[in-house]
Amino acid sequence: MAENAEGDLNSNLLHASYHTGDPQLDTAIGQWLRWDKNPKTKEQIENLLRNGMNKELRDRLCCRMTFGTAGLRSAMGAGFCYINDLTVIQSTQGMYKYLERCFSDFKQRGFVVGYDTRGQVTSSCSSQRLAKLTAAVLLARDVPVYLFSRYVPTPFVPYAVQELKAVAGVMITASHNRKEDNGYKVYWETGAQITSPHDKEILKCIEECVEPWNGSWNDNLVDTSPLKRDPLQDICRRYMEDLKKICFHRELNSKTSLKFVHTSFHGVGHDYVQLAFQVFGFKPPIPVPEQKDPDPDFSTVKCPNPEEGESVLELSLRLAEKENARIVLATDPDADRLAVAELQENGHWKVFTGNELAALFGWWMFDCWKKSKSRNADAKNIYMLATTVSSKILKALALKEGFHFEETLPGFKWIGSRIKDLLENGKEVLFAFEESIGFLCGTSVLDKDGVSAAVVVAEMASYLETMNITLKQQLIKIYEKYGYHISKTSYFLCYDPTTIKNIFERLRNFDSPKEYPKFCGAFAILHIRDVTTGYDSSQPNKKSVLPVSKNSQMITFTFQNGCVATLRTSGTEPKIKYYAEMCASPDQSDTALLEEELKKLIEALIENFLEPSKNGLIWRSV
């Protein structure tokens, strides 16, 4: 205790002898040095203070994190707008306060905590440590906590919340972000991620209890409290049992000659994908040895995002060639997303986009439903969902096959809560997706799930193999039947929030104030929807059907040539993303023509609306 007191004294002296001339900053520095008990992050602030780095101190201490499309996400390190021991304690205190208000049975039902394998030595910060502190805050307040005893895929947390009837849960993860980041992803009692107004109310509660309570730093509680339970074995068993609901050809799987390579991208996926394959009757997939075990530095990939395609799949593609495996399955570091590559006749690899995989999943899940349904089952009771920036291919399937298709705002949190509503109204949801390789087959989990998606792809490929059809050939069959949907998604990096805001404001006041553009280069615009302001020119009352989302920028343009393009900011990274898709009818089969038209439109979109050179945008490096 004496040593701590001396450290605090030094900190106070340091603070007392240093006035920045900015009262807000002085207060924030004082709070940080009083409250932070992590020697590494405390030292980071002390060093900045000693070196007079006022601007950096202000950036780190004078703002807070807000909830984006995936909860709180930021770099690990010292400061109130970073992920660290103190901000996780504060966030959990706010969660406690809000949940206590919402649930009279909070202390009976408890709370779930899971974590991935991220970590940063310089801040003494790891997902496991942050999960323990999250649990400690709640255990100190007599809340039962289901804390997984080892790392798990993100979907295990929402699954556990529902299965254990907990009031909420948190997953400590930054998914596929760069290695410096971490995050705090919150799930409600429904098993879906929190949406408005919960996010805003939790932030208010966090603001009201920023000073750590007695016991909040006591992570020993995780080992000593009788209120801590480990749900790992039970949840893993139940999850694998539930997977059987979306397995339709177990016998065929056990006989397949196809071989699969799986990479878990230095994350959590390996053990769980191996188990899922076992449940489906498959031989185990071949793991990429260099990437199967957790590594917080993601040392064999330039970025831990399988969505980046062939450049990050290098090791798995080479292993597949060596092992004579035709299909590569890549789960991202927290195993909630899935990338798929297939070796083609010409010896090249086809890495499928999220939209292409969704076409295959949509076809497969509906086909399996049709073949296994009872006689009186009605397609009118069936739903599929996608986020509004994703391909409209499921809409084409729905129109032809007689089931329902719905769109939501970007982010799986919107899909999860909509599925919950549909299920409560007796509907059946077969499949949902977002174009950034996030898929959900069935409804055992209300969030995207790379583990179940991986094994469903394996079953689909094995089934098609019995008819000598590849995944790519099947994709073409789907497009020929329902219409080609050719899409392209990419992004620019922009680290200046003002520039981003100006780009979108210019589009809202294009040729004159409050006037959106009528053309983009030579391409005529038919309709415009601006979800940020709630405007939609295609609606009789000019109001957007999707809920207004003031905190993020998103404008969608429907062009006269049938193309739909969206510009939006990322909810988790400093990116301006663009999404464009040509939706053709089944009789338009000249794909070269469609691709050329899309290419020209994207060029016009970038040149006229984003103006990368004028705005200093950084092109995505391929």
Side-chain angles (χ1 to χ4, degrees), residues 1-12 14-15 27-46 60-61 64-65 72 74 76-100 106-107 110-115 118-149 168-172 182-184 186 202 205-229:
M1 193 64 209
E3 192 178 79
N4 255 2
E6 191 185 321
D8 283 352
L9 189 64
N10 279 341
S11 295
N12 288 335
L14 187 67
H15 179 230
T27 303
I29 291 167
Q31 288 175 333
W32 188 274
L33 297 176
R34 278 198 311 282
W35 296 342
D36 188 12
K37 286 188 166 54
N38 176 326
K40 294 247 176 115
T41 43
K42 191 169 193 170
E43 190 186 350
Q44 285 174 23
I45 296 298
E46 287 173 349
R60 283 175 177 266
L61 296 170
R64 285 204 159 278
M65 294 178 285
L72 302 172
S74 185
M76 290 179 272
F80 292 121
C81 62
Y82 282 64
I83 293 274
N84 50 60
D85 292 6
L86 179 56
T87 54
V88 161
I89 284 172
Q90 292 175 325
S91 303
T92 310
Q93 290 182 170
M95 281 287 296
Y96 171 83
K97 195 169 180 185
Y98 185 59
L99 292 169
E100 193 185 35
F106 181 20
K107 289 184 178 177
F111 189 93
V112 176
V113 183
Y115 53 93
R118 286 176 174 261
Q120 186 181 69
V121 177
T122 52
S123 306
S124 263
C125 186
S126 70
S127 296
Q128 184 174 23
R129 171 161 173 76
L130 298 175
K132 283 183 171 179
L133 286 168
T134 301
V137 170
L138 299 168
L139 291 167
R141 294 273 154 157
D142 300 323
V143 175
V145 175
Y146 298 97
L147 172 66
F148 284 98
S149 55
V170 158
M171 175 73 185
I172 307 290
N182 215 326
Y184 187 93
V186 182
I202 292 168
C205 289
I206 294 170
E207 296 282 350
E208 287 163 16
C209 31
V210 284
E211 184 166 354
W213 301 329
N214 284 344
S216 283
W217 281 95
N218 182 11
D219 57 350
N220 289 339
L221 282 172
V222 165
D223 304 312
T224 58
S225 170
L227 290 172
K228 192 219 74 177
R229 293 156 207 175

Open item on the list: Nearest 0.5 angstrom please: Tyr82 OH to Cys125 SG, how far?
Closed with: 12.5 Å
Open item on the list: To the closest 0.5 Å, what do you measure between CD1 (Ile202) and CE (Met95)?
Closed with: 4.5 Å
Open item on the list: Quick check: closest heavy atoms across Gln44 and Ala78, and the distance to 0.1 Å?
Closed with: OE1-N, 3.0 Å
Open item on the list: Exactly one of Thr134, Val137, Val210 should register a side chain to side chain contact (heavy atoms under 4.5 Å, CB included) with Ile89. Which one does?
Closed with: Val137
Task: Minimum heavy-atom distance Met65-Cys81, with the two atoms named - done: CG-O, 3.5 Å
Open item on the list: Strictly distance-based, threshold 3.5 Å: is any side-chain N or O of Lys40 a donor or acceptor partner for the main-chain N or O of Val121?
Closed with: yes
TODO: May I ask you to test the Tyr146-Val113 pair for a side-chain heavy-atom distance under 4.5 Å?
DONE: no
Open item on the list: Please give me the minimum heavy-atom distance between Cys205 and Tyr98, naming the atom from each residue.
Closed with: SG-CB, 3.8 Å
Open item on the list: Side chains of Ser126 and Tyr115: any donor to acceptor distance under 3.5 Å?
Closed with: no
Open item on the list: Whether the side chain of Arg129 engages the backbone of Asp85 through a donor-acceptor N/O pair (distance < 3.5 Å, no angle test) should be reported.
Closed with: no
- [ ] Identify the two heavy atoms, one from Ser123 and one from Gly77, that lie closest to each other, and give their separation to 0.1 Å.
- [x] OG-CA, 3.5 Å
- [ ] Determine the sole option in Leu221, Thr224, Asn218 for which the side chain to side chain contact (heavy atoms under 4.5 Å, CB included) test with Leu139 is passed.
- [x] Leu221
Task: Distance, nearest 0.5 Å, that separates OG of Ser91 from CD1 of Ile206 - done: 4.0 Å
Task: For the student: nearest non-hydrogen atoms of Gly79 and Thr87, plus distance - done: O-CG2, 3.5 Å
Task: Worked verdict on Gln31 versus Leu61 for side chain to side chain contact (heavy atoms under 4.5 Å, CB included) - done: CA-CA 9 Å; Gln31 288 175 333; Leu61 296 170; over 6 Å; no
Open item on the list: Against Asn182, only a single residue in Val88, Leu130, Asn84 fulfils side chain to side chain contact (heavy atoms under 4.5 Å, CB included); can you say which?
Closed with: Leu130
Task: Closest non-hydrogen atom pair between Ile45 and Arg60, with its separation - done: CD1-CD, 4.4 Å
- [ ] Go through the steps for Trp217 and Leu86 under the test side chain to side chain contact (heavy atoms under 4.5 Å, CB included), then give the verdict.
- [x] CA-CA 9 Å; Trp217 281 95; Leu86 179 56; 4.3 Å; yes
Task: Contacts of Glu208 that satisfy side chain to side chain donor-acceptor pair (under 3.5 Å) - sequence neighbours left out - done: Lys97
- [ ] Would you kindly say whether Thr41 and Asp36 are connected by a side-chain donor-acceptor distance under 3.5 Å?
- [x] yes
TODO: List for me each residue that meets side chain to side chain donor-acceptor pair (under 3.5 Å) alongside Ser149, sequence neighbours excluded, and say none if there are none.
DONE: Asp230
- [ ] Find the distance between CG (Leu227) and CG (Leu138) and round it off to the nearest 0.5 Å.
- [x] 10.5 Å
Open item on the list: Just verifying a value: how many Å separate Glu100 CD and Lys107 NZ, rounded to the nearest 0.5 Å?
Closed with: 5.5 Å
Open item on the list: Between Lys42 and Leu33 (side chain of the first, backbone of the second, donor and acceptor by atom type, cut-off under 3.5 Å), is there such a pair?
Closed with: yes
Task: Whether over 12 other heavy atoms sit under 6.0 Å from Asp223 CG - done: yes
TODO: Determine, step by step, whether Arg141 and Phe106 satisfy the side chain to side chain contact (heavy atoms under 4.5 Å, CB included) criterion, reporting the C-alpha distance in whole Å, the side-chain angles of both residues, the deciding distance to 0.1 Å, and the verdict.
DONE: CA-CA 11 Å; Arg141 294 273 154 157; Phe106 181 20; over 6 Å; no
TODO: State which residues pass side chain to side chain donor-acceptor pair (under 3.5 Å) with Arg64; sequence neighbours excluded, sorted by chain then number.
DONE: Gln90
